[in-house]
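As a basis for the values below, the full set of heavy atoms in this structure was taken, side chains included, without hydrogen atoms, waters or symmetry mates. Labels below follow one simple rule: chain letters A, B, ... track the order of the sequence lines, proteins then strands, and each chain is numbered from 1.
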Amino acid sequence: MAVSGELLDDGAPRVLMAKTSLDGHWRGINVVSRALRDGGFEVILAGMVTAETIARVAADEDVDLIGLNVGGRVEVVERILDTLQEHGVDVPVIAGGTIPHYAVERLTARGVRSFPPGSSLEAIVACARELTRTTTG
Amino acid sequence: VPATVLAEELLARALAGERRALARALSAVERGGLVPASAALLDAAAGRAYTVGLTGPPGAGKSTLTDALIAIERAAGGRIAVLAVDPSSPYSGGAILGDRVRLAPQHLADDGVFVRSLASRGHLGGLARAVPDALALLDACGWPTILVETVGVGQTELAIAGTADTTIVVVNPGWGDEVQANKAGLLEVADVLVINKSDRDGVARTRADLVQMLALGAAGRAWTPPIIDTIATEAIGIETLWTAVAAHRSELEQSGALAERRAAERVSAGCESRSP
């Protein structure tokens, strides 16, 4: 057990990456997870899980950020945001994948940063850094 | 709010059974941030949990076995916690913690299961530096059985043996084809040996090699590690494995080795980890 006065290791920021659609497309989430790892993040992969499970895992793993892979249906993301709120999980959320333009606006209104097709990995990592800066010093 | 007060308040809530507080306290432990008073509080409450380590080469099936062991313990009505360690990148310090992908969805949503992923953060030995303190915390918070899954190990990452009460070493058919000397270290720390993916060719040969290796070190040992065939993806052999772990536990309890172990842990917690 460490004692007070010892130099604290702030550690890497922790990100939960989850898939929100049933499709078999793992490539997006894998590529982004790898980029985040290379950017110094600890990436917890949850795979394809329900909104309740995302809330549970985010809380148990005490993550600083949640990344959602979206397969076209923005309603699914909105339900996840509702569930996070219900469970008192106050963690910033970013979303990537096939997000239509109208959906980007809807998600922005809920405080979610969206990365539709064509977004660069650099932009995603930079955003993740910005959103986790306060929690990781 | 001073950090000291926060840590103690957090710990009190965790000890009272608040799951979110436990999660945050684990983060504090990972940062090395619990204060001495908290450590004393932990020591007072700890010492009841049984810790089972799962180790073996990358891809041997540790995460899938973890999933199967959670299932069997939950079916028996026991609550179970898991610490899953994955390697940090030496270049970026980042890590992919992917062990949850192998866990069944019902375990992820189960109140009787608590899984925490840890990155090794440059710590050697196949574990993360925070593992002993994280174990003490889970123990003190009333988790009766704790699985510790190591990173995929080679010949020297054997810290799990000093950490777990029972160490399960997982290998696959064909593993016995390597140079014998390579296997010695990993085999020496095994309390229970598992040949996972036992539907593949080469089980008999691997078993024969393991038996031979074990015989070499058998002199003076009170416990002979059993060798168990499993197919984790189909939950085959899991009951036999869990029964073997229970048998090893009984042996440790009856011989007094477990009590000695607990006493030694208290001493090392007082002398080593507690000094600045």
> If you tally heavy-atom pairs under 4.5 Å against chain A, which of B:Pro132, B:Ala119, B:Gly98 wins?
Replying inline: B:Ala119
> Would a 4.5 Å heavy-atom cut-off, applied to side chains only, mark B:Ile96 and A:Leu45 as touching?
Replying inline: yes
>> For residues 12-23 of chain B, give me every residue with a non-hydrogen atom less than 4.5 Å from any non-hydrogen atom of chain A.
In response: B:Arg19, B:Arg20, B:Ala23
>> Using side chain to side chain contact (heavy atoms under 4.5 Å, CB included), reason through A:Asp60 and B:Arg116 one step at a time and then give a plain yes or no.
In response: CA-CA 7 Å; A:Asp60 283 359; B:Arg116 183 63 173 237; 6.0 Å; no
>> For A:Glu61, which atoms come within 4.5 Å of any heavy atom of chain B: side chain, backbone, both, or neither?
In response: both
> Can B:Ser27 and A:Asp62 be said to form a side chain to side chain donor-acceptor pair (under 3.5 Å), step by step?
Replying inline: CA-CA 7 Å; B:Ser27 297; A:Asp62 196 21; 2.4 Å; yes
>> I'd like to check A:Arg56 versus B:Asp111 (side-chain heavy atoms, cut-off strictly below 4.5 Å). Are they in contact?
In response: yes
>> Let's go through B:Leu108 and A:Val49 carefully: what are the C-alpha distance in whole Å and the side-chain angles of both, what is the deciding distance for side chain to side chain contact (heavy atoms under 4.5 Å, CB included) to 0.1 Å, and is it a yes or a no?
In response: CA-CA 9 Å; B:Leu108 296 178; A:Val49 285; 3.8 Å; yes
>> Please give me the minimum heavy-atom distance between A:Ala12 and B:Gly93, naming the atom from each residue.
In response: CB-O, 4.1 Å
> Non-hydrogen atoms of chain A under 4.5 Å away: do they reach the side chain of B:Asp110, the backbone, both or neither?
Replying inline: backbone
> Around A:Arg34, counting heavy atoms of other residues, nucleotides and ligands shown, do more than 12 lie under 6.0 Å from its CZ?
Replying inline: no
> Considering only heavy atoms, which portion of A:Thr53 lies under 4.5 Å from any heavy atom of chain B: side chain, backbone, both, or neither?
Replying inline: side chain
> How would you list, in number order, the residues of residues 48-63 of chain B that have a heavy atom less than 4.5 Å from chain A?
Replying inline: none
> Roughly how far, to the nearest 0.5 Å, is CZ of A:Arg37 from OG of B:Ser88?
Replying inline: 9.5 Å
